[in-house]
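Data block below; observations after.
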Amino acid sequence: MGDFNQAVILESIRRAPEGISRVELAGSTGLSPQTISNVVRRLLDDGIVREDRTIVSGPGKPRTVLELEGNRLVSIGIHLDPSVLTFVAMNLRGEVLRERSIEVPNLEVATETVQLMATTVKELIAEIRVPKKHIVGVGIAVPGPVNVEEGVVLNPLRKLLRLQVIIEKDTIASAVGELWQSKEEKNNDFVFIYCGHGFGAGLVFNGDVHHGASNNAGEIGHYSTGRKSVACEECGADDCLAAGTSYEFIAAQAKERGLELPSFEIVGPEQRAAGMNRLYELAHEGNKVAKELVTEIMIKVGEVAGQLANSLDVREVVFGGPQWEKVRELVDDQVQDAIGRRFALRGVHEIETRTSELGSNVGAIGGACVVMDASLSPKATALLLR
């Protein structure tokens with residue numbers, strides 16, 4: 001119970017960017033003044049919180065404002081995207097202290113990738129000059145579906161770094177990051193649409209990210225877009241999001257319309273990323289066919305997002321990820337229109353869409369937030385008797 005109370009109080013301090021007094025903590029947490037005093041004393045002794053200033057509001061003793069000692073605790077986030085590794089070092093305030101991207105020709109060579117990650121993490125820790133005992137851990141965001149029990153990355157990296165290492169699907173990590181970075185005490189339910197080398201969703205209910213039975217919630221590739229493309233090799237449908245946004249289908253559509261995109265004998269994640277990046281470049285250069293194709297792709301994503309909003313009865317859809325940053329200026333209005341068309345609850349409440357403020361590094365930031373969240377956020381499961 002003590003650990004849970006400490007997490008509740010730390011969360012309230014963290015979500016008060018201008019600081020918060022002990023009296024205000026009692027009001028926001030519902031805990032007794034004695035509990036607040038005991039926990040705050042521990043946080044001060046540990047150097048996680050500092051007394052910043054005093055404020056006078058009416059008669060009585062001036063109130064001392066508590067603020068986070070941001071750099072006391074730091075986490076490292078890593079995002080494995082096709083052909084590139086992105087790293088961030090993030091402090092307790094959610095501020096990114098360092099970031100780095102490394103192009104890697106073949107992420108499938110596990111031993112080399114793990115060694116590269118370990119070396120880079122050590123370099124980042126040395127650069128930010130934070131004692132290793134103040135590093136909360138490393139969070140790795142990876143494309144789904146994932147099997148966190150295999151330990152292909154986890155166990156070797158733990159041995160090399162001697163730190164807590166958590167692996168999470170990039171869509172879920174991004175949703176965790178969106179929640180962690182929010183300064184609101186409680187977020188409304190929302191869907192986070194992650195646009196990377198593929199598309200996925202992070203699902204947030206009552207301020208908690210839904211992980212699913214196997215930690216793979218948010219796989220939206222086989223939702224119907226309502227638009228026929230080609231038969232999907234996995235689900236057999238000819239209108240699913242995966243088939244309609246596959247690089248093979250997009251390249252074929254481009255060729256029919258007189259636009260040549262890069263061709264590959266075998267299309268894996270790296271090849272798809274290269275081909276799609278070329279398509280985005282052409283669209284921004286003003287190529288009419290490229291702009292049409294990008295718009296058609298993202299309208300399909302919007303159709304699926306609208307269906308999710310219907311099913312989950314959420315009020316907000318948040319878009320983010322490295323590919324969204326490349327296309328949002330081209331397709332923002334069309335995507336909103338697609339969501340609105342599919343949203344059947346418009347007579348009950350509105351649906352809003354917005355872009356995440358975490359930028360193209362949302363996966364890596366999400367990874368860093370996953371570690372912070374796992375270690376520091378109040379969890380109802382902590383109250384279970386064991």
For the pair His222 (side chain) and Ala237 (backbone), establish whether a donor and an acceptor sit closer than 3.5 Å, ignoring hydrogens and angles.
-> no
Run the side-chain contact (heavy atoms from CB on, under 4.5 Å) check on Val209 and Val204 step by step: do they pass?
-> CA-CA 4 Å; Val209 178; Val204 179; 4.1 Å; yes
May I ask you to test the Val362-Phe192 pair for a side-chain heavy-atom distance under 4.5 Å?
-> yes
Whether over 12 other heavy atoms sit under 6.0 Å from Glu234 CD = no
Between Arg14 and Trp180, is there a donor-acceptor pair closer than 3.5 Å when you use the side chain of the first and the backbone of the second?
-> yes
Gln323 vs Tyr280 side-chain heavy atoms within contact, under 4.5 Å | yes
Is there a donor-acceptor contact under 3.5 Å from the side chain of Asn216 to the main chain of Ser214?
-> yes
Beyond-backbone contact of Phe249 with Thr245, side-chain heavy atoms, under 4.5 angstrom | no
Distance-only, no hydrogens or angles: does the Arg72 side chain make a donor-acceptor pair with backbone N or O of Asp46 under 3.5 Å?
-> yes
Would you please indicate yes or no on a ring centroid separation below 6.0 angstrom for Tyr247 and His197?
-> no
Which of Val371, Asn91, Val74, Leu92 passes side-chain contact (heavy atoms from CB on, under 4.5 Å) with Val136? It is Val371
Is the backbone of Pro33 close enough, under 3.5 Å, to the side chain of Ser37 for a donor and an acceptor to pair up by distance?
-> no
More than 12 heavy atoms of other residues, nucleotides or ligands under 6.0 Å from NZ of Lys159: is that the case?
-> no
SB check Arg98 Glu123 (cutoff 4.0 Å) = no
For atom CZ of Arg346, is the number of surrounding heavy atoms from other residues, nucleotides or ligands below 6.0 Å larger than 12?
-> yes
Min side-chain heavy-atom separation Leu160-Val121 under 4.5 Å = no
Roughly how far apart are Ile365 CD1 and Ser360 OG, rounded to 0.5 Å?
-> 8.0 Å
Take His349 and Phe343, measure what side-chain contact (heavy atoms from CB on, under 4.5 Å) needs, and give me the verdict at the end.
-> CA-CA 10 Å; His349 64 79; Phe343 189 63; 3.3 Å; yes
Between Arg22 and Glu51, is the closest basic N to carboxylate O distance under 4.0 Å?
-> yes
Could you tell me whether a side-chain N or O of Gln307 sits under 3.5 Å from a main-chain N or O of Ser224, the two making a donor and an acceptor?
-> yes
Is the closest side-chain heavy-atom distance between Leu312 and Asp189 below 4.5 Å?
-> no
When Ser356 is tested against each of Gln181, Glu178, Glu325 for side-chain hydrogen bond (donor to acceptor under 3.5 Å, both in side chains), which residue passes?
-> Glu178
If you draw a 6.0 Å radius around NZ in Lys326, do more than 12 non-hydrogen atoms from other residues or ligands fall strictly inside?
-> yes
Any side-chain heavy-atom pair of Ile9 and Val49 under 4.5 Å | no
Given side chains that start at C-beta, do those of Arg341 and Ile299 come closer than 4.5 Å, heavy atoms only?
-> yes
Please report the C-alpha distance between Leu293 and Glu296 in whole Å, then the side-chain angles of each, then the deciding distance to 0.1 Å, and finally whether the side-chain contact (heavy atoms from CB on, under 4.5 Å) criterion is met.
-> CA-CA 5 Å; Leu293 288 169; Glu296 290 170 12; 4.0 Å; yes
Is the shortest heavy-atom distance from the side chain of Val96 to the side chain of Asn361 under 4.5 Å?
-> no
Side chains of Asn71 and His134: is there a donor and an acceptor less than 3.5 Å apart?
-> no
Arg227 and Glu303 ion-paired at < 4.0 Å | yes
Say whether Glu168 and His211, considering side chains only, have a donor N or O and an acceptor N or O under 3.5 Å apart.
-> yes
Test item: side-chain donor near acceptor, Asn277 and Glu281, under 3.5 Å = no
Neighbour count above 12 (heavy atom, 6.0 Å) for Glu67 CD = yes
Are Trp324 and Val318 grouped together when hydrophobic residues (ILVMFWY) are joined by side-chain heavy atoms under 4.5 angstrom apart?
-> no
Quick one: sort the His79 and Tyr194 rings into parallel, tilted or perpendicular, breaks at 30° and 60°.
-> perpendicular
Is Leu31 reachable from Leu44 through a run of hydrophobic residues whose side-chain heavy atoms are each under 4.5 Å from the next?
-> yes
Test item: Lys169 side-chain N/O and Ala217 main-chain N/O as donor-acceptor pair under 3.5 Å | yes
Where the side chain of Thr225 meets the backbone of Asp239, is there a donor-acceptor pair that is under 3.5 Å apart?
-> yes
Check whether any side-chain N or O of Ser375 sits under 3.5 Å from a backbone N or O of Met372 as a donor-acceptor pair, and report yes or no.
-> no
With distance as the sole test, does Asn310 use its side chain to make a donor-acceptor pair with the main-chain N or O of Ala344 at under 3.5 Å?
-> yes
Steps toward side-chain contact (heavy atoms from CB on, under 4.5 Å) verdict (Val84, Ile102) | CA-CA 6 Å; Val84 64; Ile102 302 174; 5.9 Å; no
